[in-house]
Amino acid sequence: MTAVGIDAIEIWTGNLKLDLPGTFAPQKGEDPEKYTKGLGLHASSFPDSYEDIVTMGANAAHRLMERKGLEPDDIGRIDVATESAFDNSKPVSTYVAGCLEQVFEGDFHHANKGERKFACIAGTQSLDDAYNWIKAGRNRGRGALVIATDTALYARGDAGEATQGAGAVAMYIDEDPDLVELSAEQGYGSADETDFLKPNQQFPSVDGKRSVQVYLARMREALEDYEQVAGDVHPDDFAYAPFHTPFPGMVRKAALLAYRHVIRDTSIEDELADEIGRQPRPEAFDDDEAYHDALREYMDSLKETDRYQEWYDATIDPTLSISRNVGNWYTGSVHVARISALKQALEDGRDMTGETLLVGSYGSGAQAEIHAETVQSGWEDEIEGLNVDEQLEERYDLEWADYEEIHDAHNHDVDSDVEEFTTPESEFVFDGWGRMGERKYRYVE
């Protein structure tokens, strides 16, 4: 059976940077380590005044298509995943296609276009849609362009303000992929939740403590469901585990929960028993409260073991290096984690061909998905083609007053006219408003 997966991937970060320990923390009167060690964040990326979800998505897609030598006729489907859309009817994918038609010969008139929304998991859902479309034989030899693009902006003073970020990830899905093959097996955890939502408003309403609980609960359910179809997961089965990363501190919690689950009834649990005891089983307790108290005590001990810390450092930490410096990209975050892991493998000279990634996606509201990906032989060329480090290095470093201005520039409720901080070059830019209130774009050489 022909493999289907991600043939190419590209990233585009907002052109501005906010230093969290150096600029944000002093203004908040807080210890910088609250951000660097607590949240696990060092900086956030922001869009300049001429950037938005369309320009970032189109720029990532443009770079991908040029690098891979793709033309519009090669693409039969364009799906954009976002929770930052500005139109309740016209999908962002049509704007992106219009941008790309400015720089390529031909058009996308025969490509199916759509927009996916389910908070941060929509990027993975779009990936699944493209996979199914190709597997069904409806692609006519063409690939699919999947773009996850968001501006994760919070109200000033909101607890989530430090986790803000902006950027896009573009992926080309095709047969015989160069980067990763997607597994047919998936696991889901889903429930009607109100942990994070935007009811007819730009900025999210967030129940922070509840959001963490829901994230962990849905991830656990998805892992259990995945094992029903793929068999029990063992820590040695996969090289990296990219998770949805609203901030790295959340992934630390998810990783510990996942590790406890996958070592249960294995030789690893047996080997650790002399050091920290065996995992509590609910049947050994008279009530749920006593069981959960024992479970928390066990996990606190597990986190401190050399065995767990070595696994975390090898399998989870490499997925977080980019996120630490860009913040939350909503639909793009788990895909940034995949890039981060493979980038680290390339820098370490590690041969990843044939290795497995266990990918954990999540979206508030709420749903999680677990699936596996097998790294393909062309992965090195794909990751070498990225210029992530250059993009991060070239961002404009915002002062506090600059940050206040740019936040207002992207706040729909504030009428502001902010001068650009950077000079656009070889990229798409927002170019004002059309006669029906639509957003217009142009390409700057």
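Every heavy atom of this structure was used, including side-chain atoms; hydrogens, water molecules and symmetry mates were not.
- In this structure, Lys303 places its NZ atom where only 12 or fewer heavy-atom neighbours from other residues, nucleotides or ligands lie under 6.0 Å away.
- Side chains of Asp313 and Gln309: a donor-acceptor N/O pair is absent below 3.5 angstrom, by distance only.
- Under the 30°/60° scheme for interplanar angles, the aromatic rings of Tyr403 and Trp400 are found to be tilted.
- Residues forming a side chain to side chain donor-acceptor pair (under 3.5 Å) with Ser361 (at least two apart in sequence, or on another chain): Thr124.
- Between the side chains of Ser340 and Ser321, at least one donor-acceptor pair of N or O atoms lies under 3.5 Å.
- A 4.5 Å side-chain heavy-atom check between Tyr298 and Arg278 finds every atom pair outside the cut-off.
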In residues 233-241, what donor-acceptor pairs under 3.5 Å come from side-chain atoms, sequence neighbours left out?
{"from": "His234", "atom 1": "ND1", "to": "Asp236", "atom 2": "N", "distance (Å)": "3.0"}
{"from": "Asp237", "atom 1": "OD2", "to": "His234", "atom 2": "N", "distance (Å)": "2.8"}
{"from": "Tyr240", "atom 1": "OH", "to": "Arg350", "atom 2": "NH1", "distance (Å)": "3.4"}

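- Side-chain atoms of His261 and Glu227 form a donor-acceptor pair, as typed in the model, at a separation below 3.5 Å.
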Return all side-chain donor-acceptor pairs below 3.5 angstrom for residues 55-64, not counting sequence neighbours, or 'none' if the list is empty.
{"from": "Thr55", "atom 1": "OG1", "to": "Asp52", "atom 2": "N", "distance (Å)": "2.9"}
{"from": "Thr55", "atom 1": "OG1", "to": "Asp52", "atom 2": "O", "distance (Å)": "3.1"}
{"from": "Asn59", "atom 1": "OD1", "to": "Phe428", "atom 2": "N", "distance (Å)": "2.8"}
{"from": "Asn59", "atom 1": "ND2", "to": "Thr55", "atom 2": "O", "distance (Å)": "2.9"}
{"from": "His62", "atom 1": "NE2", "to": "Glu66", "atom 2": "OE2", "distance (Å)": "3.4"}
{"from": "Arg63", "atom 1": "NH1", "to": "Glu10", "atom 2": "OE1", "distance (Å)": "3.2"}
{"from": "Arg63", "atom 1": "NH1", "to": "Glu10", "atom 2": "OE2", "distance (Å)": "2.6"}
{"from": "Arg63", "atom 1": "NH1", "to": "Gly385", "atom 2": "O", "distance (Å)": "3.1"}

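- Judged purely by distance below 3.5 Å, without hydrogens or angles, the side chains of Trp329 and Ser45 pair a donor atom with an acceptor atom.
- The neighbour count for Asp389 CG, taken as heavy atoms of other residues, nucleotides or ligands under 6.0 Å away, is above 12.
- By the neighbour-count criterion of 12 heavy atoms within 6.0 Å, atom CG of Asp348 is densely surrounded, having more than that number from other residues, nucleotides or ligands.
- Taking all atoms of both residues into account, the shortest heavy-atom contact from Glu51 to Asn15 is OE1-N, 3.0 Å.
- Judged by distance alone, the side chains of Thr422 and Tyr50 do bring a donor and an acceptor atom under 3.5 Å apart.
- If you check the side chains of Tyr291 and Glu289, you find no donor sitting under 3.5 Å from an acceptor.
- Annotation for Lys90: atom NZ counts as buried by contact number, over 12 foreign heavy atoms lying within 6.0 Å.
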